[in-house]
Amino acid sequence: MVKSWNDRLNTPGINGIKPTPRTVGDVVEGQPMLVPTARQVDDFIRSIPRRVAMDVALRTALAIEHGAEVTCPVTIGYHLRTVAEAANEDLERGMTLSDIAPFWRVLDAKTPTTGKLSFGAAFVAVQREREGLEP
């Protein structure tokens, strides 16, 4: 049976800090790299204030919060989708916008993850506009 997105969000993952295995983009080999759990990403997104957008800076801020220099770019991409899809499941179950993680503060029209969302990018655009954020 396929796990729901909320099940994935709440599955205890193996997180921690380890040396970056190789240089990729802005991540340099050997840097202390946070490999976060989906729950850590969800908690961090919930801490972003209303009307504040955060892009790649999310990775840096999350890493610093946990004592690392960088956050794994692959893991964060996967977990961003998990957070967004779990939030959508919660909305479908009747929760309100104020009860879910405001993932639209970190996803925008240009973010590759936005295009992968099962519920489409329009919701993200509407929420960003509602908060006065760039599309």
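Owing to the predicted nature of the structure, the values given are computational and were not obtained by experimental measurement. The first residue of the sequence shown is numbered 1, and numbering continues consecutively from there.
- Here the shortest heavy-atom pairing between Thr114 and Ala121 reads CG2-CB, 3.6 Å.
- Residues Arg8 and Tyr78 form a side-chain contact, since some pair of their non-hydrogen atoms from C-beta on lies under 4.5 Å apart.
- Looking at heavy atoms from C-beta onward, Val27 lies in side-chain contact with Pro73 at the 4.5 angstrom threshold.
- Of the possible donor and acceptor atoms, none in the side chain of Asn88 sits under 3.5 Å from a partner among the backbone N and O of Ala84.
- The shortest distance between side-chain heavy atoms of Pro102 and Ile48 does not fall below 4.5 Å.
- A salt bridge is absent between Glu134 and Arg128: the closest approach of a Lys/Arg side-chain nitrogen to an acidic carboxylate oxygen does not fall below 4.0 angstrom.
- Phe44 and Val70 are not part of a single hydrophobic cluster, where members link through side-chain heavy atoms under 4.5 Å apart.
- Of all non-hydrogen atoms in Ala101 and Ala87, the two that sit nearest each other are O-CB, 4.1 Å.
- The cluster map of Ile, Leu, Val, Met, Phe, Trp and Tyr, joined by side-chain heavy atoms under 4.5 Å apart, puts Ile76 and Leu117 in the same cluster.
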Test side-chain hydrogen bond (donor to acceptor under 3.5 Å, both in side chains) on Thr113 and Thr111; report intermediate values, then the result. CA-CA 5 Å; Thr113 302; Thr111 309; over 6 Å; no
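- Two residues are said to be in side-chain contact when any heavy atoms from C-beta on lie closer than 4.5 Å; Glu85 and Phe119 meet this criterion.
- Contact detail for Leu97 and Gln127: the closest heavy-atom pair is CD1-OE1, 3.3 Å.
- The pair Arg46-Asp43 fails the salt-bridge criterion, with no side-chain N (NZ, NE, NH1 or NH2) lying under 4.0 Å from an Asp/Glu carboxylate O.
- Placement of Leu80 and Val24 in two distinct hydrophobic clusters is found when ILVMFWY residues are connected by side-chain heavy-atom separations under 4.5 Å, directly or transitively.
- Each of Leu58, Val124, Leu133, Ile45 was compared with Arg105 under the side-chain contact (heavy atoms from CB on, under 4.5 Å) criterion, and only Leu133 meets it.
- Atoms OG and CZ, on Ser4 and Arg93 in that order, are 7.0 Å from each other to the nearest 0.5 Å.
- Residue Ile17 is not grouped with residue Met33 when hydrophobic side chains (ILVMFWY) are merged at heavy-atom distances under 4.5 angstrom, including chains of intermediate members.
- A 4.5 Å side-chain heavy-atom check between Thr60 and Thr71 finds every atom pair outside the cut-off.
- In this structure, OG1 in Thr82 is found 10.5 Å from NZ in Lys3, a value given to the nearest 0.5 Å.
- By the criterion of side-chain heavy atoms lying less than 4.5 angstrom apart, applied directly or through intervening Ile, Leu, Val, Met, Phe, Trp or Tyr residues, Val74 is not grouped with Val106; the two fall into different hydrophobic clusters.
- Interatomic distance, OG of Ser118 versus CZ of Arg81, reported as 6.5 Å (0.5 Å rounding).
- Contact of the Leu62 side chain with the Pro36 side chain is registered, since non-hydrogen atoms from C-beta on lie closer than 4.5 Å.
- Judged by distance alone, with hydrogens and angles left aside, the side-chain atoms of Glu89 form a donor-acceptor pair with the main-chain N or O of Asn6 at under 3.5 Å.
- A salt bridge links Arg59 to Asp26: one of the charged nitrogens lies within less than 4.0 Å of a carboxylate oxygen.
- Closest approach of Asp42 to Arg39, counting heavy atoms only: OD1-NH1, 2.9 Å.
- Between Glu69 and Gln31, the shortest heavy-atom distance links the atoms OE1-NE2, 3.2 Å.
- You'll find the side chain of Trp5 stays beyond 4.5 Å of the side chain of Val83, heavy atoms only.
- Looking at Thr23, its side chain does come within 3.5 Å of a backbone N or O of Glu29 through a donor-acceptor pair.
- A distance-only check finds a donor-acceptor pair linking the side chain of Glu131 to the backbone of Arg51 [under 3.5 Å].
- The closest donor-acceptor contact from the side chain of His66 to the backbone of Leu34 lies at 3.5 Å or more, if one exists at all.
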